[in-house]
Number of protein chains: 2
Amino acid sequence: MADYPAFSVTADLVVLTVQDNEMRVLLVRRGIEPYRGQWALPGGFVLPDEDLDAAAARELREETGLTAPVGHLEQLASYGAPGRDPRGRVVTVAYLALLPHLPAPVAGSDAEGAAWTALPVAELAFDHARILADGVERARAKLEYSPLATAFCPPEFTISELREVYETVWGARLDPRNFHRKVTGTPGFIEPVGRSIAAERGRPAQLFRRGPARLLHPPMLRPTP
Amino acid sequence: MADYPAFSVTADLVVLTVQDNEMRVLLVRRGIEPYRGQWALPGGFVLPDEDLDAAAARELREETGLTAPVGHLEQLASYGAPGRDPRGRVVTVAYLALLPHLPAPVAGSDAEGAAWTALPVAELAFDHARILADGVERARAKLEYSPLATAFCPPEFTISELREVYETVWGARLDPRNFHRKVTGTPGFIEPVGRSIAAERGRPAQLFRRGPARLLHPPMLRPTP
DNA sequence: CCCTTTTTCGTCATGATGACGATAAGCTTC
DNA sequence: GAAGCTTATCGTCATCATGACGAAAAAGGG
């Protein structure tokens, strides 16, 4: 293999969550050069004996403290333009994580801090703005034909909470009655827990958990403006 | 960068086409170790000053002789499990190409031959069977909500040709009349050329070219069996 | 007790779809 | 040239999904 160009490979994360009707992304403030002091996506180098998915899961665990299989993690895309990293030839395999809102994140070893930042984000290190945009667009599209909106919710949630996820990610208002009919009528999307919970105001809502379906048939299409 | 593990990075291609009601993939017979003599996906190492997309486009050009912007090429996913390549730590960025049927492919420098092989394929080198399966599934899904079926067709095509693409990729029969209504009624999917062409049998069909739409609204969903 | 809020269930018109009849326009065969 | 075959194209109809919206249910606050 010495004949072939040597690359470094990193696994970077687009970690999205929904809170207070805002979409937020987990960012770290870089503590080392290059781009020291700037905000960037969390991530790090893939270890010599580590699979790509394992590296992404490890980075997610290090940044959020997550151990249980909550939320959702999938590969997003890879980025390897020459010059995208001043240190040399670096290929980044980006992953998309969707999580319910969590307590304050933990700063990694080479970061000065970490924070949930509301979108849109002003400026990011490297080509991370592009990676973030790709992740957000992937999330928006996947809500249409997959039940992944539940990944933004805690294990038990109400239909209103689920609707707020859709409204926030899509940036559009949805009719509560039609939304209720749609999600309860799509087999395998959500399952009733059997209990109800009192909200701040109004009639208590039933609790649901995510169902076994991995695809929505038919899909829930974004409203056409 | 010397502190960090060194990887080799390859760009491998899942090149799909449709011919004679069969889906076919472009494979090469490896002329060098490892897996010498076995069939594999075409591809090769990313050059020191080359972007990932450029490497994939170069490999596609080398294998098929394509220069004009015909068909479709997009990134599929990356694969980097330790041990997936006996030569060392290799990360493969896989690309998916959809092409109209072309003349016999050209064998690359380190390959003994190349061939269009009908699916399913018996055995492939490395983890290429998995990559191929992911590419096929991506193609099947994308036909639902994108106009990419036209990438399997020549620049001008009939609605029957387009329907045969759908039927072959999905492995399902579609009603010609409903299909005609759907594709002509979806704005931006296809545009009439204004001429007709005589088929082998039956009434001559109008010719169409691909339209400007990049997404189908509403999507064309696979029939539920 | 009345008002507000949210959940949940219905109603109705509209649009998309599956099933399928009918006509158009070419060819082959007699 | 007429009959017959094949495919393309247009229509019809019932059914299903959806958007718009009314209304009852179930809580809390004045």
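The sequence lines fix the lettering, A, B, ..., with proteins before strands; numbering per chain opens at 1.
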B:Thr92 side chain vs B:Ala94 backbone, donor-acceptor pair below 3.5 Å: no
Any donor-acceptor N/O pair, B:Thr186 side chain to B:Val183 backbone, under 3.5 Å: no
Flag, side chain of A:Arg209 to backbone of A:Glu156, donor-acceptor distance under 3.5 Å: no
Side-chain donor or acceptor of B:Glu161 paired with backbone N/O of B:Thr158 under 3.5 Å: yes
Atom pair distance, as rounded to whole Å: CZ in B:Arg195 and P in D:dA8: 17 Å
Backbone N/O of A:Leu76 and side chain of A:Arg138: donor-acceptor pair under 3.5 Å: yes
Test salt bridge (charged side-chain N to carboxylate O under 4.0 Å, His left out) applied to A:Lys142 and A:Glu74, step by step: CA-CA 12 Å; A:Lys142 277 217 144 186; A:Glu74 69 174 35; 2.7 Å; yes
Backbone of B:Pro147 reached by a side-chain donor or acceptor of B:Thr150 within 3.5 Å: yes
Nearest-Å distance for atom pair NE2/P, residues B:His217 and C:dG15: 18 Å
Earlier contact from the 5' end, DNA chain C, for B:Leu221 and A:Arg163: A:Arg163
Between C1' of D:dA17 and OH of A:Tyr145, the distance in whole Å: 21 Å
Pull out every protein N or O sitting under 3.5 Å from an N or O of nucleotides 28-30 of chain C, one pair per line with the distance.
none

For DNA chain C, the residues among residues 165-190 of chain A that have a non-hydrogen atom under 4.0 Å from it: A:Arg177, A:His180, A:Arg181
Contact pattern, 5' to 3', of nucleotides 25-30 of chain D - B, S or - by protein heavy atom under 4.0 Å: BBS---
Side-chain (B:Thr17) to main-chain (B:His101) donor-acceptor, under 3.5 angstrom: yes
B:Thr158 or A:Arg222, whichever maps to the more 5' nucleotide of DNA chain D: B:Thr158
Integer-rounded Å distance: D:dT7 P and B:Glu161 CD: 14 Å
Heavy-atom donor-acceptor pair, A:Gln19 side chain to A:Arg24 backbone, under 3.5 Å: no
Euclidean distance, atom CG of residue B:Leu162 to atom C1' of D:dA8 [Å, nearest integer]: 14 Å
Aromatic plane relationship, B:Trp170 with B:Tyr166 - under 30° parallel, 30 to 60° tilted, over 60° perpendicular: perpendicular
Proximity of B:Phe157 and B:Phe208 rings by center, below 6.0 Å: no
